[in-house]
*Asks:* 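Before I ask anything, here is the structure I am working with.
Just so we're clear, the structure is a prediction, and the values are computed from it rather than from any experiment.
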Amino acid sequence: MRPAALALPLLLLACRRDPAPPVAAPATPPTVVAPSPPSPLAPADPRRLRDLLRPESRRELDAASIPLLLPRDERMVAVAVVTAGPRWVAASIPLADLTVSIHGNANRHDPPPGEVLRHASTLRGVPATVSRNELIRVATWEENGVAWSLEVECSNRPDLDARCVQEDYLRALAASLVEVRP
């Protein structure tokens with residue numbers, strides 16, 4: 001075969017152009033999913049909520065020196081993982097698309113001289129701070145001598161899940177919390 005005969009197919013390959021990919025239509029922004037918040041009016045029996053806890057969690061609660069705030073939603077309580085230590089108690093509630101964390105700490109520390117803690121909101125009838133950190137909704141407040149933190153973390157598209165984009169779900173969940181004693 002002659003060198004010119006080899007050069008022609010190589011030249012044709014080098015000059016070949018693939019068709020341009022089709023231009024995608026601009027995507028419309030998806031809408032925020034808004035599940036209904038928990039009902040703060042649902043009746044709740046703290047003893048029943050305690051009994052719904054897994055045995056390991058019930059043992060942790062029984063060893064706690066302070067009561068725990070748990071949601072009225074029995075489905076949430078049934079999967080809660082409770083831990084406790086000296087003067088603190090916590091619950092982690094893992095759901096399919098959401099994790100709720102509740103922490104109570106009775107170790108009180110006064111702020112440094114001249115520093116005043118100012119809450120910009122209220123929850124459960126007391127001053128509170130409601131914020132968002134890395135798409136995790138957070139509420140903090142003090143109730144009956146215990147500093148509380150409530151967090152809601154959405155696992156599937158938190159930027160589109162109203163429970164993490166807006167604060168309504170967090171507020172309704174905080175309002176639904178019931179004090180469960182050891």
Side-chain angles (χ1 to χ4, degrees), residues 35-54 56-95 98-154 158 161-182:
S36 54
S39 170
L41 303 176
D45 175 8
R47 199 48 142 174
R48 174 159 170 68
L49 292 177
R50 182 198 166 280
D51 292 343
L52 286 172
L53 289 169
R54 296 173 182 172
E56 310 83 40
S57 290
R58 209 170 28 252
R59 279 192 294 277
E60 286 286 320
L61 178 60
D62 290 345
S65 61
I66 60 174
L68 175 61
L69 295 178
L70 286 172
R72 293 175 193 265
D73 186 332
E74 294 181 356
R75 295 167 299 174
M76 293 176 86
V77 173
V79 298
V81 177
V82 177
T83 54
R87 304 188 44 80
W88 65 268
V89 66
S92 176
I93 303 170
L95 303 172
L98 179 77
T99 300
V100 174
S101 302
I102 305 163
H103 303 266
N105 191 328
N107 294 312
R108 179 147 172 76
H109 302 283
D110 291 325
E115 189 175 307
V116 178
L117 178 61
R118 292 190 176 92
H119 291 292
S121 189
T122 59
L123 276 178
R124 302 176 56 81
V126 296
T129 297
V130 177
S131 61
R132 186 170 73 174
N133 181 16
E134 298 292 333
L135 296 175
I136 300 170
R137 279 288 165 189
V138 180
T140 57
W141 71 97
E142 189 174 321
E143 185 176 330
N144 299 324
V146 177
W148 290 99
S149 171
L150 173 64
E151 296 180 2
V152 174
E153 182 174 3
C154 301
D161 192 324
R163 296 171 296 184
C164 289
V165 173
Q166 301 163 354
E167 56 185 58
D168 298 343
Y169 181 82
L170 179 78
R171 288 182 170 282
L173 188 59
S176 82
L177 296 175
V178 175
E179 186 178 278
V180 179
R181 294 192 165 275

*Asks:* The criterion is salt bridge (Lys or Arg N to Asp or Glu O under 4.0 Å); which residues satisfy it with R48, sequence neighbours excluded?
*Replies:* E74
*Asks:* Going by side-chain contact (heavy atoms from CB on, under 4.5 Å), V180 matches just one of D45, L70, V82. Which one?
*Replies:*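 By the side-chain contact (heavy atoms from CB on, under 4.5 Å) criterion, V180 pairs with just one of D45, L70, V82: L70.
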*Asks:* Can you list everything that forms a side chain to side chain donor-acceptor pair (under 3.5 Å) with R87? Sequence neighbours excluded, please.
*Replies:*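 Checked R87 against side chain to side chain donor-acceptor pair (under 3.5 Å); matches are N107.
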*Asks:* For S101 and E151, indicate whether the former's side chain and the latter's backbone hold a donor-acceptor pair under 3.5 Å.
*Replies:* no
*Asks:* Can you name the residues that form a side chain to side chain donor-acceptor pair (under 3.5 Å) with R171, not counting sequence neighbours?
*Replies:*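 Partners of R171 by the side chain to side chain donor-acceptor pair (under 3.5 Å) criterion, ordered by chain and then number, come out as S121, E167.
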*Asks:* Going through the distances and angles, do N133 and S131 end up as a side-chain contact (heavy atoms from CB on, under 4.5 Å)?
*Replies:* CA-CA 7 Å; N133 181 16; S131 61; 5.6 Å; no
*Asks:* Indicate the atoms forming the closest heavy-atom contact of W141 with A128, along with that distance.
*Replies:* CB-CB, 3.8 Å
*Asks:* What verdict does the side-chain contact (heavy atoms from CB on, under 4.5 Å) test give for I136 and C164, after you've listed the backbone C-alpha separation in whole Å, the side-chain angles of each residue and the deciding distance to 0.1 Å?
*Replies:* CA-CA 6 Å; I136 300 170; C164 289; over 6 Å; no
*Asks:* Determine, step by step, whether L95 and M76 satisfy the side-chain contact (heavy atoms from CB on, under 4.5 Å) criterion, reporting the C-alpha distance in whole Å, the side-chain angles of both residues, the deciding distance to 0.1 Å, and the verdict.
*Replies:* CA-CA 8 Å; L95 303 172; M76 293 176 86; 4.1 Å; yes
*Asks:* Quick one: does P71's side chain get under 4.5 Å of L173's, heavy atoms only?
*Replies:*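 Yes, close enough: below the 4.5 Å cut-off.
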*Asks:* Which heavy atom in P67 sits nearest to a heavy atom in P182, and how many Å separate them?
*Replies:* CA-CD, 4.3 Å
*Asks:* With sequence neighbours excluded, what pairs up with R58 under the side chain to side chain donor-acceptor pair (under 3.5 Å) test?
*Replies:* none
*Asks:* Would a 4.5 Å heavy-atom cut-off, applied to side chains only, mark R54 and V81 as touching?
*Replies:* yes
*Asks:* Quick one: does any side-chain atom of R137 pair with a main-chain N or O of V165 as donor and acceptor, under 3.5 Å?
*Replies:*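 A pair under 3.5 Å: yes.
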*Asks:* side-chain contact (heavy atoms from CB on, under 4.5 Å) between Y169 and L98: does it pass, once the steps are laid out?
*Replies:* CA-CA 12 Å; Y169 181 82; L98 179 77; 3.6 Å; yes
*Asks:* Can you list everything that forms a side chain to side chain contact (heavy atoms under 4.5 Å, CB included) with L135? Sequence neighbours excluded, please.
*Replies:* R132, P158, D159
*Asks:* To the nearest 0.5 Å, how far apart are NE2 in H103 and CH2 in W148?
*Replies:* 10.5 Å
*Asks:* Between CD of E143 and CD of E179, what distance do you get to the nearest 0.5 Å?
*Replies:* 7.5 Å
*Asks:* Tell me the side chain to side chain donor-acceptor pair (under 3.5 Å) pairs involving residues 110-120, sequence neighbours left out?
*Replies:*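 Every side chain to side chain donor-acceptor pair (under 3.5 Å) pair that includes a residue of residues 110-120, provided the two are not neighbours, is H119-T129.
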*Asks:* Applying salt bridge (Lys or Arg N to Asp or Glu O under 4.0 Å), can you list everything that pairs with R47, at least two apart in sequence or on another chain?
*Replies:* none
*Asks:* Would you name the heavy atoms of S65 and G85 that are closest together and state the gap between them?
*Replies:*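 Where S65 meets G85 most closely, the heavy atoms are OG-O, 4.3 Å.
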*Asks:* Sequence neighbours left out, what passes side chain to side chain contact (heavy atoms under 4.5 Å, CB included) with I66? Give chain and number order.
*Replies:*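 Side chain to side chain contact (heavy atoms under 4.5 Å, CB included) list for I66, sorted by chain: V89, A106, V146.
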*Asks:* Sequence neighbours left out, what passes salt bridge (Lys or Arg N to Asp or Glu O under 4.0 Å) with E56? Give chain and number order.
*Replies:* none
*Asks:* Mind checking what makes side chain to side chain contact (heavy atoms under 4.5 Å, CB included) contact with T122, not counting sequence neighbours?
*Replies:* none
*Asks:* So, for I102 and L177, which heavy atoms are closest and what is the spacing to 0.1 Å?
*Replies:*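 For I102 and L177, the tightest heavy-atom pair comes out as CD1-CD2, 3.9 Å.
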*Asks:* Using a 3.5 Å distance criterion without hydrogens, assess whether the side chain of E60 forms a donor-acceptor pair with backbone atoms of A84.
*Replies:* yes
*Asks:* List the residues meeting side chain to side chain donor-acceptor pair (under 3.5 Å) with D62, not counting sequence neighbours, and say none if there are none.
*Replies:* R50
*Asks:* Rounded to the nearest 0.5 Å, what separates atom OG in S176 from atom CG in L69?
*Replies:* 10.0 Å
